[in-house]
S.K.: 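What follows is a structure written as structure tokens; I'll ask about it next.
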Amino acid sequence: ATILTAPAFAQDYPERQITMVVPFAAGGPTDTVARLVAERMSADLGQQIVIENVGGAGGTLGAGNVAKAEPDGYTVLLHHIGMATSETLYRNLAYETLDAFEYVGLVTEVPMVVTARQDFEPDDFPAFVEYVKANADSLTLANAGIGAASHLCGMLLMQALEVPLVTVPYKGTGPAMTDLLGGQVDIMCDQTTNTTQQIKAGTIKAYAVTTPERLDLFPDLPTAAESGLEAMQFGIWHGIYTPKGTPAEVNQRLSESLQKALADEGVAKAMADLGTAPSPAEDATPEALKAKLESEIARWKPVIEAAGVYAD
Ligand code: MLT
């Protein structure tokens with residue numbers, strides 16, 4: 001194959017469809033965010049963006065696939081906070097997180113909600129805390145595997161309540177939600193992008209959010225901090241990455257397209273309806289995502305080590 005020099009190569013980019021890897025099952029929160037921005041980016045770039053859902057190992061399987069992909073701009077990864085936590089959680093990660101990717105930009109930071117099956121007994125979050133402490137050995141918590149946002153939130157919940165819960169891993173909280181709705185699992189901490197509709201419909205119970213302030217979407221839902229669980233204060237930030245070696249001009253073109261997608265009022269409205277908001281343009285840049293990833297790896301490393309949680 002002829003080795004194209006970056007300038008010539010980047011000028012015509014993109015010339016064919018792009019694959020956006022979502023490292024969780026279809027129908028979950030990450031998939032929802034990806035499809036929202038991919039639709040607008042595709043229109044701007046003039047090429048189809050095909051979503052490829054690669055679930056498994058809490059998102060690290062899909063991330064690993066992109067780490068190994070051709071650095072030609074035609075494979076991108078949309079992933080969230082799990083990119084940072086997996087660096088500490090996994091002892092044999094298939095890639096060097098800070099050396100295997102290039103950066104496009106931040107997409108959105110999504111709140112999490114502590115939820116339970118519809119007929120869960122406690123009426124409010126303080127009662128939920130007491131009930132879970134008293135019945136921990138008979139309760140199950142659903143998540144999307146070690147490294148998922150739902151895993152991180154569940155870990156913080158178990159740490160705060162000082163109880164272990166039997167966890168049931170899924171390839172994403174899309175499939176996990178099916179079992180929560182069916183009452184097959186008891187508790188799940190998941191993003192508003194996946195729980196808003198069910199909370200409004202009353203088909204699952206919501207107890208608390210992980211944001212510093214209450215959400216306009218659910219003004220009656222207390223923050224976890226209001227009930228003394230200050231450690232449960234974090235948002236699920238999402239970023240777009242390309243494989244190491246992808247030309248800077250390509251990453252810049254993708255960042256421009258992402259910024260246009262995030263400025264689209266339809267995207268802002270859709271995100272607001274799901275309890276979140278687009279990242280500001282200055283954050284939808286390679287530099288901002290790189291800085292966020294580095295700071296979040298440093299932030300969560302001691303928390304995860306203190307919890308003694310890891311995967312081999
Ligand atoms: C997560 O917990 O990280 C979510 O399950 C991701 C997803 O399914 O989109």
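In this chain, numbering begins with 1 at the start of the sequence shown. Note that ligands are numbered from 1 as they come in the structure, with each ligand's atoms numbered from 1 the same way. All figures in this text were calculated on a predicted structure; none of them were measured in a lab.
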S.K.: Is the shortest N/O to N/O distance between A149 and ligand 1 below 3.5 Å?
M.R.: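 For ligand 1, there is an N or O atom that lies under 3.5 Å from one belonging to A149.
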S.K.: For ligand 1, which atoms have a heavy atom of A148 less than 4.0 angstrom away?
M.R.: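 Those atoms are 1 (C), 2 (O), 3 (O).
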S.K.: Taking all heavy atoms of A144 and all of T173, pick out the closest pair and write down the distance.
M.R.: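 Where A144 meets T173 most closely, the heavy atoms are CB-N, 4.1 Å.
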S.K.: Inspect the contact between R214 and E226 and indicate whether a charged nitrogen and a carboxylate oxygen are less than 4.0 angstrom apart.
M.R.: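 Yes.
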S.K.: Who's the nearest protein heavy-atom neighbour of atom 8 (O) of ligand 1, and how far?
M.R.: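 Among all protein heavy atoms, the one nearest atom 8 (O) of ligand 1 is T173 N, 2.9 Å.
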S.K.: State whether the shortest distance between N or O atoms of K171 and N or O atoms of ligand 1 falls below 3.5 angstrom.
M.R.: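 Not met; the criterion fails.
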S.K.: Purely on distance, is any nitrogen or oxygen of S150 under 3.5 Å from one on ligand 1?
M.R.: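 Yes - when backbone and side-chain N and O of S150 are compared with those of ligand 1, one distance drops under 3.5 Å.
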S.K.: Considering only NZ, NE, NH1 and NH2 on the basic side and carboxylate oxygens on the acidic side, decide whether K200 and D273 come within less than 4.0 Å.
M.R.: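 Looking at K200 and D273, the cut-off is not met.
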S.K.: Find all atoms of ligand 1 within a distance of less than 4.0 Å from any non-hydrogen atom belonging to T30, and give their numbers and elements.
M.R.: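 Near T30, the atoms of ligand 1 are 6 (C), 7 (C), 9 (O).
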S.K.: Hey, is E305 close enough to K301 for a salt bridge, meaning N to O under 4.0 Å?
M.R.: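 Yes.
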S.K.: Would you check whether H80 reaches within less than 4.0 Å of ligand 1, judged by its heavy atoms?
M.R.: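 Contact check H80 vs ligand 1: positive.
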S.K.: Quick check on G82 - does any of its heavy atoms sit under 4.0 Å from an atom of ligand 1?
M.R.: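 Not so, G82 does not reach ligand 1.
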S.K.: Are D44 and R40 close enough, and set up right, to give a salt bridge (charged side-chain N to carboxylate O under 4.0 Å, His left out), and what steps lead you there?
M.R.: CA-CA 6 Å; D44 170 64; R40 267 53 170 217; over 6 Å; no
S.K.: Side chain or backbone, does Q191 bring an N or O within less than 3.5 Å of an N or O on ligand 1?
M.R.: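 For ligand 1, there is no N or O atom that lies under 3.5 Å from one belonging to Q191.
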S.K.: Identify whether the distance between the nearest side-chain nitrogen and carboxylate oxygen of E296 and R299 falls below 4.0 Å.
M.R.: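 Salt bridge flag = yes for R299 with E296.
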S.K.: Validate the cation-pi geometry between R253 and Y13: distance from NZ or CZ to the six-membered ring centre under 6.0 Å, angle to the ring axis within 45°.
M.R.: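 The answer is no, since R253 fails at least one limit relative to Y13.
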